[in-house]
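Below is one structure, written out as structure tokens; the observations come after it.
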Amino acid sequence: MRRIFLFSFFFFVSVLVISLPRKPMISKPHENKPMVVLPLYTNSRWIVDEEGQRVKLACVNWVSHLEPMVAEGLNKQPMDAISKKIVSMGFNCVRLTWPLFLVTNDSLASLTVRQSFQSLGLFESIAGIQANNPSIIDLPLIKAYQAVVSSLGANNVLVILDNRISKPSSSDGNGFFGNQYFDPDLWMKGLTRMATIFDGVTNVVGMSLRNELQGSGKNVNDWYRYMEKAAEAVHSANSDVLVIISGLSYGKDLSFLRNQQVNLTFTRKLAYEVHWNGLSDAKAWESGNQNEVCKREVDNFMRLSGFLLDQGWPLLVSEFGMDLRGTNINDNRYMNCFIGVVAELDLDWSLWTLVGSYYVREGVIGFNEYYGVLDWNWYENRNSSFLQRISALQSPFRGPGLPEHNLHNVIFHPVTGLCVLRESIYKPLKLGTCNKSEAWNYLPRRTLTLKGTDFCIEAFRLGEPAMLGYTCSLSSHQWETISDSKMQLSSKVFNGSRACLDVDSENTVVVNSCKCLSGDNMCDPGSQWFKLVDSTNSSYTSPALKLDTAFAYPYRYRYTM
């Protein structure tokens, strides 16, 4: 009797310990982030601060290159309020666009903000800026641009200066060296001036040399020739900033770097950028099977630019985005795949766009930007659920400065941006914020085990919640990634049927029949898409005593009656 009592006591204690409520490592997504010691450098594929700690760039694009040559939205809100809003949404960085003529065309560069808007007949915008940002209304345009950078700096937001275009406009008629408005010598002169203007401005951490090179006459030889010269010019004028280089074909193609790198005199200051959006492959997402299209798009991304990570270069996805009304099927499906890739590769990124509305675009005054994370008035978030989806991507999963000995997996769900958590030994697994994620281990025997314990995820019966089990040698505890996307986690339930992890309407992790594996373009597998993401960031796992196998069976049978 005493022996039975002791076994029962230890079983009760171990279950109690693993069932205790857990304290998250950080209470809110954007609190207690480590201080960044500027300037930034590179360390292999990572961007780091001066102390060698990884700095993950989670940026948003703020447009300042259109005809008025003033950062959008300053007629709607004070710039300090916009800067604070950026921080509240979890972004640590702004990619601030600018036109070359801002610093190279004397007739434009000499204009004040008021004069620029007057020349365009935008008198309502003048009144708005006068009300919300009166300090800049009679400043020269470059001084107004500097004021925006200063406001971002006062709120601890990093800035990347992005030379978007030459002549300020929404068109792209000056896309490659030698095209109309794109004089390479004038371009390098403008880059040098901007680098000099912001030399010593500590929150300006990078300069993107040119956005989306394309157009007639594009060729690799000229790309190397001018990009190398421009990179050297920027570094000579301002050695603190990262030099960020884009490729060809609208910023998608860097494949020529696989065999020939750029030849520069400086080190630890070079990064690359790439664009990836839902239109990269026309309407393929809408017309094809999502698992198959995702594989094709990811393979293409790795072939054209992703390989640079393996070569030891930082790669910033400097433009991606979607129609935040949620009505664009192509965008919705693309984003499910894209977020999974960004999590798995732990990429730096910049969302398109902050802008809720434009002063004027394509001749429309007050043009509503449905890709903007802010609404038309620049006050509310346009789509809060989307911000939740990308919040886990705003912090690093791994990299220099994080504890290398703490390698584990988080089980990430791209459609929600949440991770798999357990509440207790008796309750089903749930989705929750990734900063509270369990540390999981995906072991060679294909079990998903709670790190530091003998508990693993079990698939028992179709339509029922996924639970933690103990006898991890059974087929119902073994998981493999299936489908072309490699994002469906599949096991066998006790009757031998193939099943996949899924999520129900209450964010409970359940076991359902695998869907949309091939062929069907009407089927949406998003709820079954998971990524096993390598992480060394701190995650909490309760300690647990090893349980005698004999005590595991009553626990399982409890859910089969």
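Computed from heavy atoms alone, side chains included, the values below leave out hydrogens, waters and symmetry copies. For clarity, every value in this text was computed on a predicted model and none was experimentally measured.
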ask   = Does Y145 have its ring centroid less than 6.0 Å away from the ring centroid of W98?
value = no
request  = State whether the number of non-hydrogen atoms from other residues, nucleotides or ligands found under 6.0 Å of L108 atom CG is greater than 12.
outcome  = yes
message = When you compare the side chains of D331 and Y371, does any donor N or O come within less than 3.5 Å of an acceptor on the partner?
response = yes
task = For E273 and S208, test the side chains for any donor-to-acceptor distance below 3.5 angstrom and give the result as yes or no.
result = yes
query = Are P68 and L122 side-chain neighbours, meaning at least one heavy-atom pair lies under 4.5 Å?
reply = yes
inquiry  = Could you walk me through whether W187 and Y226 satisfy the ring-ring contact (aromatic ring centres under 6.0 Å, His included) test, starting with their C-alpha distance in whole Å, then the side-chain angles of each, then the deciding distance to 0.1 Å, before giving a yes or no?
reply    = CA-CA 10 Å; W187 171 63; Y226 292 120; 7.3 Å; no
key: Sole candidate of N155, V157, V149 that passes side chain to side chain contact (heavy atoms under 4.5 Å, CB included) when paired with N203   = V149
key: Test: R210 cationic atom under 6.0 Å from F182 six-membered ring centre, within 45° of axis   = yes
inquiry  = Going by side-chain hydrogen bond (donor to acceptor under 3.5 Å, both in side chains), name the residues that satisfy it together with S505, two or more places apart in sequence or in a different chain.
reply    = none
All pairs passing salt bridge (charged side-chain N to carboxylate O under 4.0 Å, His left out) where residues 113-123 contributes a residue, at least two apart = R114-D138
ask   = Would you say the side-chain atoms of N328 and R333 include a donor-acceptor pair closer than 3.5 Å?
value = no
ask   = With side chains defined as the heavy atoms from C-beta onward, is the minimum distance between H235 and K269 less than 4.5 Å?
value = yes
remark   = By salt bridge (charged side-chain N to carboxylate O under 4.0 Å, His left out), D375 pairs with (sequence neighbours left out) none
Short N-O contact, K189 and D183, less than 4.0 angstrom = no
ask   = Would the Y359 and F117 ring centres measure less than 6.0 Å apart?
value = yes
N75 and W378 side chains, donor-acceptor separation under 3.5 Å = no
message = What I'd like to find out is whether the side chain of V298 reaches to under 4.5 Å of the side chain of C337, using heavy atoms alone.
response = yes
query = When you check the side-chain N and O atoms of K76 and N377, is any donor under 3.5 Å from an acceptor?
reply = no
inquiry  = Can you see whether N383 engages S385 through a side-chain donor-acceptor pair at a distance of less than 3.5 angstrom?
reply    = yes
message = Aromatic contact between F320 and W352, with the criterion being ring centroids under 6.0 Å apart: yes or no?
response = no
Cation over ring face, R389 and F386, 6.0 Å, 45° = no
request  = Check whether the ring centres of W223 and F176 lie less than 6.0 Å apart, and answer yes or no.
outcome  = no
